[in-house]
Number of protein chains: 2
Amino acid sequence: MDSKHPAGRLPEPPNPIADDGDEAHFCGTCAFSSACIAAGYNKPELAQLQCLVEHVGPFRASEHIFRTGDPFRAIFAVRSGTVKTRMVDKEGREQVLGFYLPGEVIGLNAIYPEHFPCDAVALDTSFFCRFSFPAMSALASRIPAVQKHLFRLLSKELGSASLLAGDHSADERMAAFLMDLAGRYAARGFSATRFHLSMSRGDIANYLRLAAETVSRVLSRFRSQKLIRIEGRELELLDPDALRQLGQALLPD
Amino acid sequence: MDSKHPAGRLPEPPNPIADDGDEAHFCGTCAFSSACIAAGYNKPELAQLQCLVEHVGPFRASEHIFRTGDPFRAIFAVRSGTVKTRMVDKEGREQVLGFYLPGEVIGLNAIYPEHFPCDAVALDTSFFCRFSFPAMSALASRIPAVQKHLFRLLSKELGSASLLAGDHSADERMAAFLMDLAGRYAARGFSATRFHLSMSRGDIANYLRLAAETVSRVLSRFRSQKLIRIEGRELELLDPDALRQLGQALLPD
DNA sequence: CCGCCGGGTTGACGCGGATCAAGGCGGGCG
DNA sequence: CGCCCGCCTTGATCCGCGTCAACCCGGCGG
C-alpha cells in the first residue's frame, strides 16, 4: 500500500504529480482514463477526446481557475497540484466545499445552473486538463462509455458530499478527513500513509466546520496519541486502522 | 404565488399530488417533463420514454422504495407523497440525507456505486415513476435533450447538498429549511406559503443535524415571533421575507 | 539588522445546543 | 373504555467547541 514515489523521504515529497501523458497515452491517473480505455486507445474517437481537451496552467497558489458567476463552458481535471472550491456569501464569509487532488474533476456542479456556483482556487502550483463541456456532451452521445463515465463522476461526487454531513465530534471529522485523503491518494497510486497537506489549517477547519484552533488541537492530540506524525504540513499516518475506526461513522462502508 | 389547490383550507390540504398524467400527457410536474417537451410530445421517441417508465405504488408510510445495498437498476420520480433517504451506520444510528417531494427524483447517487448507498423510505402514501436506468442511458445517447436533462438533475442535486453545509445556528438552518421546502413546492405549482410537513420533528432534526428538542424549540420561537403558524404538521409561513433573511447564509443567491 | 504579518499552537472562558427528564396529546388496539 | 406508545413540547443541566488572547515561528521587505 505504500510509496510508489520514486524518491520518498518524508520532508521532501512535494505534491504528487499525475502522469504527464503524451498525446498517445494521455494521463494515466486521470478521471477519464477508464473512459478512454473503454473507448479504445486506438480508435478514432479517442482522437476526438484529445481534440476537446486543452492543457492549461500553471496556476500559482491562490490563483483562480474559475470564479463564482463565470459562464459554464468546461470542466477541469486536475493534472497536478491541489484545488479548493469555495463559496463566499454576501457577508464575505468563506465556505470551503471541497479539495481536489490530481486526477479529480472540478466544475460538475455548474452544469445545472450553467454558471459556476463557486470559486476554484489553486492551493499549489497546478495544471489542468480543460474539457469543453458542449463538445464532451456531444461525444457522450456517440460514445456510451463517455456518457457512462460522466454519469459516474457526477454520482460519485454526490456520494462524497455526505462526508461532511452528520453531527460528529471534531475527532471523528478529522480522522475521517485524513482517511478520505489517504484513500484518494491511494486510488491514484500515491502513498496512502504519507503525504503533504496543501491546505492551511484554516481551510481544513472551514471545510470540516470547525475552528482553526480546534483543528490544531485535534492534530496535536492525534500526535500525542501516536496516531500520526506531523511537521507543518507533512503528514504521516502511523495508525491508519485506529483512524479509520475513529472516523467510521463518516466513512463509506 | 399562492394556492393552486382546488380546495385549499388549512387543516386539510393533504400532501400535494402531481398530475396523474394519462399516456398522452405524462406527468406535467415531473422532473422529466421538460425533457419530454424538448423531445416533442408527438415524436416516436416519447413513446420510448413511456416504454421504459413504469408506475409503481402505493407505498405506505415507513415502507421502503429501495434499501441500502440493493442493486441499482432504476431511478424513481416521486409522483405523489414524500420520501426521505437515509443511511444507517453499523451502530444503527440513522442519518437523514434528504427529503423528496412530488416531481423530484431519487436514486441518482446509486449510479456510481451501482448499488443503492442509502434507504429510501416513504413518509406518506406515495406513488412513483420507475425509470429503468440502462434503458434511460440508451435513450440519452439517442436524444440529447434526455442526456442533458440527466446531467442537469445530477448537477442540481450536487448544488443542493450544500444546504446543510456550513456551521450555522439552529435558527438559520430551520429558516433555510422551511424556505427551501417552500421554493420546491412553488416550483411544482403548489402553495409556497402553506403546506404539510410529512416528516416528523425527529427527521427534520436529524437532517439539519440538530436535536429534536431544538427543532421543537425553534419552531415555537418562530411561532411566538409571528414568523410562522404551525399546528402539528400543518405549516403556514407568515413572514417569508424575514425567514429568507434569517436563512440567507444557507440559501442560493 | 529589525519589524511586520500570516499561519500555527496553546490556554482560559463562555455559549449554544445536546442531553436528561417530565409531562401532554392523539391514535391504535385489546 | 382504558392502556400504551409515538410524537411533541418545555424545563434544567452539562459539555464540546467557538471565541478571545497570548505567544512562537519563518519569510519578506525596508
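In what follows, every chain begins at residue 1, and chains take the letters A, B, ... in the order their sequences are listed. Since the model is a prediction, treat every value here as computed from it, not as a measurement.
In terms of polar N and O atoms assigned as donor or acceptor, the side chain of B:Glu213 never comes within less than 3.5 Å of the base of D:dC8 in a complementary pairing. With hydrogens and angles left out, the side chain of B:Arg217 and the base of D:dG11 share a donor-acceptor pair within 3.5 Å.
A sub-4.0 Å separation between OP1 or OP2 of C:dT9 and a side-chain N or O of A:Arg201 is present. Taking 4.0 angstrom as the limit, B:Thr214 places none of its side-chain polar atoms (N or O) nearer than this to OP1 or OP2 of C:dG16. Proximity of B:Ser216 to the phosphate of D:dT10: no side-chain N or O atom is located under 4.0 Å from OP1 or OP2. A sub-4.0 Å separation between OP1 or OP2 of D:dC8 and a side-chain N or O of B:Arg233 is present.
Atom-to-atom, CD of A:Glu231 to C1' of D:dG26 comes out at 15 Å; the value is rounded to the nearest Å. Separating the CD1 atom of B:Ile204 from the P atom of D:dG6 is a distance of 20 Å, rounded to the nearest angstrom. The distance from atom CD of B:Glu172 to atom C1' of C:dG16 is 12 Å, rounded to the nearest whole Å. When the C1' atom of C:dG17 is taken as reference, atom CE of B:Met174 falls 15 Å away, rounded to whole Å. In this structure, B:Asn206 places its CG atom 12 Å from P of C:dT19, rounding to the nearest Å. Between the CG atom of B:Leu208 and the P atom of C:dA18 there is a distance of 10 Å, rounded to whole Å. The CG-C1' distance, from B:Asp171 to C:dG16, rounds to 10 Å in whole Å. Protein atom CG of A:Leu210 is 15 Å distant from nucleotide atom P of C:dG8, rounded to whole Å.
Summarising the geometry of B:Phe195 relative to B:Leu178, their closest heavy-atom pair is CZ-O, 4.0 Å, with the distance given to 0.1 Å. Closest approach of A:Leu227 to A:Ala242, counting heavy atoms only: CD2-CB, 3.6 Å. The minimum heavy-atom distance between A:Ser155 and B:Pro113, with the atom names listed, is OG-CD, 4.2 Å.
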List the steps, then state whether side chain to side chain contact (heavy atoms under 4.5 Å, CB included) holds for A:Asp171 with A:Arg221. CA-CA 9 Å; A:Asp171 288 22; A:Arg221 183 148 16 88; 2.7 Å; yes
Full working for side chain to side chain contact (heavy atoms under 4.5 Å, CB included) between B:Glu234 and B:His196: CA-CA 5 Å; B:Glu234 295 306 322; B:His196 177 83; 2.4 Å; yes
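A:Leu219 comes within contact range of no nucleotide atom at all, as no heavy-atom separation falls under 4.0 Å. Among the protein residues, B:Arg209 comes within range of the sugar-phosphate backbone only, with heavy atoms under 4.0 Å from sugar or phosphate atoms but none that close to a base. No contact: A:Arg221 has no heavy atom under 4.0 Å from any strand. Residue-level contact check: B:Ala211 touches the bases, meaning some heavy atom is under 4.0 Å from a base atom. In this structure, B:Gly232 reaches neither bases nor backbone, as no heavy-atom distance under 4.0 Å exists between it and the strands shown.
Comparing A:Met199 and A:Asp167 against DNA chain C, the residue whose closest nucleotide sits nearer the 5' end is A:Met199.
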